[in-house]
Amino acid sequence: MSIGKTVTASLFSAVLLGGALAAAPAAQAQTDGGTGALSCYGSAKSYSKPAGNRWYPQGGPYLTATTNCSDINIKPNTSTSVAVCWLPSSGGSYCQSTFKSAPAGRWTVVATDVLAGTHFYFDFGSTAANSGVWAA
């Protein structure tokens with residue numbers, strides 16, 4: 001093989017190897033975190049319950065548990081007591097028999113082992129306004 005062909009072949013190999021190495025980090029990023037899946041708290045949604053009633057949301061549309069969490073969690077801006085009320089597909093609703101104390105600025109698990117697709121709403125122990133975030 002002539003020197004010109006050897007140099008050309010070597011340069012071509014270096015370009016291919018460099019291209020493969022440059023592509024490797026992108027493939028790594030996709031397998032490590034590029035799935036688009038959200039964590040439980042990363043999928044949290046804001047709520048704002050006005051004064052004068054105990055429920056959020058009031059009258060629907062109701063909240064729905066997702067595959068991001070296996071529990072129903074709340075992080076209120078002011079301390080409150082809260083329970084979860086369920087809306088079974090058979091109709092009606094029923095609420096937890098006890099309220100959970102949810103301190104301001106901290107995540108509180110209100111209900112555990114909740115199936116994705118479950119419809120629910122929050123029953124606050126007070127008619128005072130309350131806001132924060134929830135995740136389910």
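One is the number of the first residue; the rest follow in order along the sequence. Given the structure is predicted, the values throughout are model-derived calculations rather than measurements.
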Nearest non-hydrogen partners of [X] and [Y], listed with the distance:
{"X": "S79", "Y": "N130", "answer": "O-ND2, 4.4 Å"}
{"X": "T108", "Y": "S101", "answer": "CG2-O, 3.7 Å"}
{"X": "P76", "Y": "A102", "answer": "CG-O, 3.5 Å"}
{"X": "C40", "Y": "A135", "answer": "O-CB, 3.5 Å"}

- Task: Answer with yes or no whether the hydrophobic clustering places V84 together with Y47; edges join I, L, V, M, F, W, Y residues whose side-chain heavy atoms lie under 4.5 Å apart.
- Result: yes

- Does L115 belong to the same Ile/Leu/Val/Met/Phe/Trp/Tyr cluster as L87, with side-chain heavy atoms less than 4.5 Å apart forming each link? no

- Message: For D123, give me all partners under side-chain hydrogen bond (donor to acceptor under 3.5 Å, both in side chains), at least two apart in sequence or on another chain.
- Response: R54

Tell me if a side-chain donor or acceptor on [X] pairs with a main-chain N or O of [Y] at a distance below 3.5 Å.
{"X": "T118", "Y": "V114", "value": "no"}
{"X": "Q96", "Y": "V82", "value": "no"}
{"X": "N68", "Y": "A136", "value": "no"}

- Query: W107 and I74: side-chain contact (heavy atoms from CB on, under 4.5 Å), yes or no, with the steps?
  - Reply: CA-CA 6 Å; W107 283 107; I74 195 164; 5.5 Å; no

- Message: Quick check for you: to the nearest 0.5 Å, what is the distance between S131 atom OG and N77 atom CG?
- Response: 4.0 Å

- Note on the structure: CH2 (W55) and SG (C85) are apart, to the nearest 0.5 Å, by 8.5 Å

- Is the Y121 to W134 ring centre distance short of 6.0 Å? no

Kindly list each side-chain donor-acceptor pair under 3.5 angstrom involving residues 56-64, sequence neighbours excluded, with atom names and distances?
unit_1, atom_1, unit_2, atom_2, d
Q58, OE1, N53, ND2, 2.7
T64, OG1, H119, ND1, 3.0

- Message: Can a side-chain donor-acceptor contact be found between D71 and T112 if the only test is distance below 3.5 angstrom?
- Response: no

- Message: Between D113 and S70, does the side chain to side chain donor-acceptor pair (under 3.5 Å) criterion hold? Intermediate values first, please.
- Response: CA-CA 5 Å; D113 299 324; S70 60; 5.3 Å; no

- Task: Please report the C-alpha distance between F124 and K49 in whole Å, then the side-chain angles of each, then the deciding distance to 0.1 Å, and finally whether the side-chain contact (heavy atoms from CB on, under 4.5 Å) criterion is met.
- Result: CA-CA 9 Å; F124 291 84; K49 182 188 80 64; 3.4 Å; yes

